[in-house]
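Structure first, commentary second.
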Amino acid sequence: MSILPIVTYNDPVLREKAAPITEDSPGLQRLIDDMFETMYNGQGVGLAAPQIGESLRLFVMDADPFTADEEGEEDLGPMVFINPEFSPVGEFKTATDEGCLSIPGVRESVTRPETIRVKWLDRELKPHEKTFSGWPGRVIQHEYDHIEGVLFIDYLGSFRKRLLRSRLNMVESGEVDAGYPVRPKRAAEADKG
Ligand SMILES: [Zn+2]
């Protein structure tokens, strides 16, 4: 397994609508293993394929470190979501702080549906359907956004976005030490040239 560099917020791959996965392959299994290693190395709870530069409808999650203390929360363990779909259950929404491995050092409150019904394929491409609430439901919605080309900062109002501008410029120019390997867009372009 290897730790892959994570692309940062202004990389165009994070703005693409990712492609469905149609078949299993040794390459897919290796990619999933690498994504878990990359996520754990960054102390993240979720990682979507576009974040390591692969425009595929795939994300991994291990939300347990954040739910272990909450009574009644089941242990989900590491999970793989391929070609996921979800819909909100009920009208109830909550606001919670989120961060993103592609936007190091930024945490902002985002309002999302509290409970969702999710359909997806696991790493063997077997279908599943399940209802998620609380933190795992939130992580799934954040990661799902990544495969739709959406970032959590898109939900912020223009005033909050203006306050973040200088931080985002630092991420963009590679000045931020994320504590894990990142591939800022400008640096990646410099490598090619
Ligand atoms: Zn993210």
Side-chain angles (χ1 to χ4, degrees), residues 1 4 6-7 12-40 42 44-68 70-103 109-155:
M1 290 203 284
L4 306 168
I6 294 176
V7 302
V13 73
L14 292 177
R15 292 309 189 176
E16 285 172 28
K17 197 174 157 79
I21 290 172
T22 51
E23 57 181 26
D24 196 0
S25 69
L28 175 64
Q29 297 305 319
R30 203 174 317 124
L31 176 67
I32 291 168
D33 289 339
D34 287 349
M35 283 174 63
F36 272 116
E37 191 170 5
T38 302
M39 178 186 79
Y40 289 127
V45 291
L47 183 74
Q51 293 183 274
I52 45 91
E54 295 287 342
S55 191
L56 295 170
R57 301 186 82 76
L58 157 68
F59 59 82
V60 298
M61 172 176 95
D62 189 345
D64 290 340
F66 281 83
T67 55
E70 288 178 37
E71 216 167 310
E73 290 278 1
E74 61 182 316
D75 235 7
L76 295 168
M79 296 186 76
V80 176
F81 293 82
I82 291 173
N83 302 344
E85 291 171 36
F86 81 91
S87 48
V89 177
E91 304 282 305
F92 188 58
K93 293 185 175 183
T94 45
T96 302
D97 274 3
E98 294 183 18
C100 181
L101 292 172
S102 292
I103 316 173
S109 178
V110 179
T111 301
R112 297 188 189 268
E114 167 71 11
T115 304
I116 54 171
R117 185 79 180 161
V118 188
K119 284 186 192 179
W120 76 99
L121 306 177
D122 65 19
R123 67 184 299 165
E124 276 94 44
L125 303 187
K126 278 196 232 112
H128 296 266
E129 190 171 348
K130 186 176 163 64
T131 300
F132 294 86
S133 297
W135 185 245
R138 175 163 291 267
V139 175
I140 289 167
Q141 290 176 77
H142 176 114
E143 301 309 328
Y144 181 85
D145 274 351
H146 275 303
I147 62 175
E148 286 289 300
V150 174
L151 297 174
F152 81 103
I153 51 173
D154 298 347
Y155 296 102

Query raised in the report: Going through the distances and angles, do D154 and R15 end up as a salt bridge (charged side-chain N to carboxylate O under 4.0 Å, His left out)?
Result: CA-CA 11 Å; D154 298 347; R15 292 309 189 176; 2.7 Å; yes
Query raised in the report: Given the rule in the side chain to side chain contact (heavy atoms under 4.5 Å, CB included) test, do I153 and I103 qualify, once you have shown the distances and angles that lead to the verdict?
Result: CA-CA 9 Å; I153 51 173; I103 316 173; 4.0 Å; yes
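- In this structure, the side chain of R57 does not engage the main chain of A19 through any donor-acceptor pair within 3.5 Å.
- In this structure a side-chain-to-backbone donor-acceptor pair under 3.5 Å is missing from S109 to A95.
- Annotation: side chain of S102 is in contact with side chain of L14 (closest heavy-atom distance under 4.5 Å).
- With hydrogens and angles disregarded, no donor-acceptor distance shorter than 3.5 Å links the side chain of Q29 to the backbone of S25.
- Atom CG of residue N83 and atom CD1 of residue I21 lie 6.0 Å apart, to the nearest 0.5 angstrom.
- For the atom pair NZ (K17) and CD1 (I147), the distance works out to 8.5 Å, reported to the nearest 0.5 Å.
- Side chains of V80 and F36 form a contact here, defined as non-hydrogen atoms less than 4.5 Å apart.
- A donor-acceptor pair under 3.5 Å links the side-chain atoms of Q51 to the main chain of A48, judged by distance alone.
- Residue I32 holds its CD1 atom at 7.5 Å from CG of D24, rounded to the nearest 0.5 Å.
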Requested in this report: Determine, step by step, whether L58 and L28 satisfy the side chain to side chain contact (heavy atoms under 4.5 Å, CB included) criterion, reporting the C-alpha distance in whole Å, the side-chain angles of both residues, the deciding distance to 0.1 Å, and the verdict.
Outcome: CA-CA 10 Å; L58 157 68; L28 175 64; 4.1 Å; yes
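- D122 places a side-chain heavy atom less than 4.5 Å from the side chain of H128.
- Rounding to the nearest 0.5 angstrom, the gap separating the CZ atom in F86 from the CD atom in E129 is 14.0 Å.
- With no hydrogens or angles considered, no side-chain donor-acceptor pair links E114 and S133 at under 3.5 Å.
- For F81, the ring pair (Phe, Tyr, Trp, His ring centres under 6.0 Å) partners at least two apart in sequence or on another chain are F59, W120.
- With rounding to the nearest 0.5 Å, the separation of CD in E98 from OG1 in T111 is 9.5 Å.
- One distance of note links CD of E54 with CG of L4; it measures 8.5 Å at 0.5 Å rounding.
- For the pair F152 and H142, the tightest heavy-atom approach, listed with the atom from each and the gap, is CD2-CE1, 3.8 Å.
- Pairing each heavy atom of D33 with each of R123, the nearest pair is OD1-NH2, 2.9 Å.
- The side-chain heavy atoms of M79 and D62, taken from C-beta on, include no pair separated by under 4.5 Å.
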Query raised in the report: Between L76 and M61, is a side chain to side chain contact (heavy atoms under 4.5 Å, CB included) present by the stated rule, with each step listed?
Result: CA-CA 9 Å; L76 295 168; M61 172 176 95; 4.1 Å; yes
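- In this structure, the side chains of H146 and C100 come closer than 4.5 Å at one or more pairs of heavy atoms.
- Under the 3.5 Å distance criterion, with hydrogens and angles disregarded, a donor-acceptor pair is assigned to the side chains of T131 and R117.
- Contact record, S55 with A18: OG-CA, 3.4 Å, taken as the closest heavy-atom pair.
- Looking at heavy atoms from C-beta onward, L47 lies in side-chain contact with L101 at the 4.5 angstrom threshold.
- Across every non-hydrogen atom of A63 and V139, the tightest pair is CB-CG2, 4.4 Å.
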Requested in this report: Might you work through the side chain to side chain contact (heavy atoms under 4.5 Å, CB included) test for L31 and I52, ending with a clear yes or no?
Outcome: CA-CA 10 Å; L31 176 67; I52 45 91; 3.5 Å; yes
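- The shortest distance between side-chain heavy atoms of P113 and F92 does not fall below 4.5 Å.
- In this structure the side chain of R138 reaches within 4.5 angstrom of the side chain of T94, judged on heavy atoms.
- Within 6.0 Å of CD in E148 there are more than 12 heavy atoms belonging to other residues, nucleotides or ligands.
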